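Heads up: the structure comes next, in structure tokens.
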Amino acid sequence: MKSKFLNNNFLIALFVFLVSLSQYSCVSNNKSKRIIVASSGKIESLDPARASTLKSLQLLSSLGDTLYELNSEGELIPELALGMPIFSKDKLQITINLKRNVLFHDGTSFNSNAIKFSFDRFKRIGTMNYIFGNKIKSLETPSDYKVIINLNKPSSSVNGLLTSVNLTPISPSYYKDYSDKFLNDKFVGTGKYILKRFSNEIQIIDPNLNYWSDKPNNEGISFIGYSNSSSLFGALKSKQIDVLLSNSIDDIQRNNLNLLSNNKEIKEGKSPATEISFISLRTNSYPLNNLNVRLAIAKSLNRDFISEKVSYGLRQPSRSLVPPIYKKNKEELWPKYDPLEAKVLLQKEGYCNGNVLDFPLTYRSNVPADKLIALSWQEQIKNILNECINIKLNGVESTTIYKNLNLGIYTAVILDWTGAYSDPEAYLTPLLSCSEIDGKNCKKGESVYSGSFWGSNTVEDLFLDSENLNGKERLAKLIEIEKIASESIPYIPIWISSQKAWSQNEISKPIFNGAGIILMSDLKFINE
């Protein structure tokens, strides 16, 4: 394993050196404007029906287009669509006219058939089930450049569906043999860039010379995945890379990068705060099937202490599953830190006074902040509630955790989530929705896949009610859903984070869109 690890690092270093050497010689002649973008971790799949990590969605956003985009105010902006969606009087049909003269990377024409193929494929094999839910009944293609989406019922949340990166149109010709299975290492869409090379560690994209709109400001992007945060940080400091993405970088180095940007040594780009970190509690078995125990554990978490100790105050403590930007307020509903009340609750359930609650906490071993959160919380408990709770830590690689969440093998696990679209529903539905409920236990649904196994018929009814509402009335229903969940505590919110990226001073500042995705096509060399 060690030799393989060293070999991978050597290959990445060699690749960076060769690209940098080529880039240096070409830039001196004002020819090459290829940019090296680096982050930690790997990309397992580029199939939009499977992709779920921020890194994979970032790459897909450069390679493909969506029907619409959401701006920072949550308003629809046509992309592949020719204009705004047209709703029927009963709100059960959406008619969308499509742009003409758009080509997929393989030369196939983009049309209504491509939309139907992409949507139908996602409905069959897509892993992010909540995006579709039970919203869509069928798709019609009355002409080459018109698509009609038939809904099962009126839905006020279709904006998110129409802007989801996971529903990026793909070429029916290229994917004809993959209509029922994933294609992980290729991608053929309509985007500003074309995929030239893919491996888990390195991805190379070049400008799409036949793109239907504005071309990129650079001559391509080389994405590189580093195996650890220190290597990534060192690569930016030594100018081996042009842009660094913050995914999973150590918070001590994140703080150092923040200081460097304050000193004008590098540039820092920042997204809206849209990534939530939380602890998923398995509510369907001992000991967390007891509400008082869950409440006590929630009240034992000092978010302010963890934020300062782990993130140097760069991440905002939060008692909400929905980012403030989507709630239009900073109301926080989940339990506050109160160790005295936690002890009283545990005593009521027979703990303390010689009976210590063993609390297994799993964290993602490849996410540096997770381990520090776990260790900091463990330290808190030892100092204040050691006679009541004993936290037992267990580090597991993230891909293993994601595969096993629905099996119910983790009593509690630290996770994070960024909604697939800019709406409170994109945070509440994936964590709280359930299609089969037995009492308060979810047997089938999204909360199974998030590891909480919590279900509420009242919440399901409120989800349905919200589909018939708009604006403030809809938002009030969604907030009511979170309030009900906060009283049952299937999760413990920890903090909310912004995505960040840092660039060398000779590169333009990274700009994020409202969904937390960097606009790669805007990156360019300056002061040449």
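Keep in mind that the numbers below use all heavy atoms, side chains included, and drop hydrogens, waters and symmetry copies. Values in this document were obtained by computation on a predicted structure and should not be read as measured data. Position 1 is the first residue of the sequence, and the numbers go up from there.
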_Ignoring hydrogens and geometry beyond distance, is a side-chain donor-acceptor pair present between Ser433 and Glu446 at under 3.5 Å?_
no
Smallest heavy-atom separation, Ala426 atom then Trp417 atom, equals O-NE1, 3.0 Å
- With the side chain counted from C-beta on, respond yes when Pro85 and Leu67 share a heavy-atom pair under 4.5 Å apart, and no when they do not. no
- Task: Check whether any side-chain N or O of Asn505 sits under 3.5 Å from a backbone N or O of Lys264 as a donor-acceptor pair, and report yes or no.
- Result: yes
With sequence neighbours left out, the residues meeting salt bridge (charged side-chain N to carboxylate O under 4.0 Å, His left out) with Asp65 are none
Kindly indicate, with the supporting measurements, whether the criterion side chain to side chain donor-acceptor pair (under 3.5 Å) is fulfilled by Thr127 and Arg50.
CA-CA 5 Å; Thr127 57; Arg50 183 185 174 195; over 6 Å; no
Separation between CD1 (Ile241) and CG (Leu232), nearest 0.5 Å, reads 5.0 Å
Ion pair check, Asp242 and Lys524, cut-off under 4.0 Å: no
inquiry  = Quick check: do Ile205 and Phe198 have side-chain heavy atoms less than 4.5 Å from each other?
reply    = no
Hits for ring pair (Phe, Tyr, Trp, His ring centres under 6.0 Å) against Phe122, two or more places apart or cross-chain, chain-then-number order -> Phe132
Here the gap from Gln58 atom CD to Ile517 atom CD1, rounded to the nearest 0.5 Å, amounts to 4.5 Å
Notebook entry, point to check: Are any non-hydrogen side-chain atoms of Tyr363 and Lys371 less than 4.5 angstrom apart?
Noted result: yes
Original post:
With a 4.5 Å limit on heavy-atom distance, are the side chains of Leu63 and Leu59 in contact?
Top reply: yes
Open item on the list: Using modelled atom types and a 3.5 Å cut-off, is there a donor and acceptor pairing between side-chain atoms of Ser238 and backbone atoms of Gly234?
Closed with: yes
- prompt: Among side-chain atoms of Ser112 and Asp144, is any donor-acceptor pair under 3.5 angstrom?
  reply: no
Just checking, any donor-acceptor pair under 3.5 angstrom between side chains of Ser109 and Asn111? no
Do the side chains of Lys123 and Asp120 get close enough for a salt bridge, i.e. N-O under 4.0 angstrom?
no
From the list Ile511, Leu245, Val37, side chain to side chain contact (heavy atoms under 4.5 Å, CB included) partner of Ile518 resolves to Leu245
Hey, is the main chain of Phe463 close enough, under 3.5 Å, to the side chain of Ser466 for a donor-acceptor pair?
yes
For Glu219 and Arg34, the nearest pair of non-hydrogen atoms, with its separation, is O-NH2, 3.7 Å
Would you say Lys327 has more than 12 foreign heavy atoms packed within less than 6.0 Å of its NZ?
yes
Next on the checklist: Within the supplied structure, the quantity of interest is the number of heavy atoms (other residues, nucleotides, ligands) at a distance under 6.0 Å from Lys196 NZ; does it exceed 12?
Outcome noted: no
Can you check whether Pro48 reaches Ile170 side chain to side chain, under 4.5 Å on heavy atoms?
yes
>> Test side chain to side chain donor-acceptor pair (under 3.5 Å) on Ser365 and Glu397; report intermediate values, then the result.
In response: CA-CA 5 Å; Ser365 58; Glu397 203 273 333; over 6 Å; no
In this structure, CD of Glu268 is separated from OG of Ser261 (nearest 0.5 Å) by 4.0 Å
Can a donor-acceptor pair be found between the side chains of Asn218 and Tyr193 at a distance below 3.5 Å?
yes
query: Does one side chain, of Glu275 or Ser498, offer a donor that lies under 3.5 Å from an acceptor on the other?
result: no
Examine distances only and state if a side-chain atom of Glu482 and a backbone atom of Leu321 form a donor-acceptor pair shorter than 3.5 Å.
-> yes
- request: For the pair Phe110 and Phe104, name the ring-plane relationship: parallel under 30°, tilted 30 to 60°, perpendicular over 60°.
  value: perpendicular
For the pair His105 (side chain) and Ser171 (backbone), establish whether a donor and an acceptor sit closer than 3.5 Å, ignoring hydrogens and angles. no
| message | Measuring only between side-chain heavy atoms, which start at C-beta, is Lys91 closer than 4.5 Å to Leu151? | response | no
Lys215 charged N/C atom sitting above Tyr211 aromatic ring, 6.0 Å / 45°
no
key: Asn101 CG: over 12 foreign heavy atoms closer than 6.0 Å   = no
Indicate yes or no: at least one non-hydrogen side-chain atom of Leu257 is less than 4.5 angstrom from one of Leu236.
yes
(request) For Glu79 and Thr66, indicate whether the former's side chain and the latter's backbone hold a donor-acceptor pair under 3.5 Å. (result) yes
Requested in this report: Measure from the side-chain N and O atoms of Asn228 to the backbone N and O of Ser231, and report whether any donor-acceptor pair falls under 3.5 Å.
Outcome: yes
Salt bridge flag under 4.0 Å for residues Glu467 and Lys153: no
Check: Is any side-chain N of the basic residue among Arg121 and Asp180 closer than 4.0 Å to the acidic one's carboxylate O?
Finding: no
Notebook entry, point to check: Quick check: does any side chain N or O of Ser88 sit under 3.5 Å from a backbone N or O of Gln93, one acting as donor and the other as acceptor?
Noted result: yes
Sorted by chain and residue number, the salt bridge (charged side-chain N to carboxylate O under 4.0 Å, His left out) partners of Asp522 (sequence neighbours excluded) come out as none
### Task
Please step through side chain to side chain donor-acceptor pair (under 3.5 Å) for the pair Thr141 and Asn113, ending with a clear verdict.
CA-CA 7 Å; Thr141 55; Asn113 178 57; 5.9 Å; no
Hits for side-chain contact (heavy atoms from CB on, under 4.5 Å) against Ser450, two or more places apart or cross-chain, chain-then-number order -> Leu431, Ser447, Ser452, Tyr491
Pairwise side-chain contact, Ser222 with Ile35, heavy-atom cut-off 4.5 Å (strictly under): no
Exercise for review: Using a cut-off of 6.0 Å, state whether more than 12 heavy atoms not belonging to Ile125 lie near its atom CD1.
Suggested key: yes
Residues at least two apart in sequence or cross-chain that pass salt bridge (charged side-chain N to carboxylate O under 4.0 Å, His left out) with Lys99, listed by chain then number, are none
When every non-hydrogen atom of Lys500 is compared with those of Phe512, the smallest separation belongs to C-CZ, 3.8 Å
- prompt: Does the Ser318 side chain pair with the main chain of Trp495, one donor and one acceptor, at a distance under 3.5 Å?
  reply: no
Note: Ser40 and Lys55 closest approach over all heavy atoms is O-NZ, 3.5 Å
Smallest heavy-atom separation, Ile266 atom then Trp502 atom, equals CD1-CD1, 3.6 Å
In this structure, are over 12 heavy atoms from other groups packed under 6.0 Å from Tyr449 atom OH?
no
Between Ser277 and Asp416, does any side-chain donor sit less than 3.5 Å from a side-chain acceptor?
-> no
NZ (Lys237) and CG (Asn256) are apart, to the nearest 0.5 Å, by 8.0 Å
dist Phe223:CZ -> Gln203:CD (nearest 0.5 Å) comes out at 7.5 Å
For Phe233, the ring pair (Phe, Tyr, Trp, His ring centres under 6.0 Å) test, sequence neighbours excluded, returns none
I would like to know whether Asn150 and Glu140 meet side chain to side chain donor-acceptor pair (under 3.5 Å); could you show each step before the answer? CA-CA 8 Å; Asn150 296 306; Glu140 299 176 32; 2.8 Å; yes
dist Asp250:CG -> Ser229:OG (nearest 0.5 Å) comes out at 3.5 Å
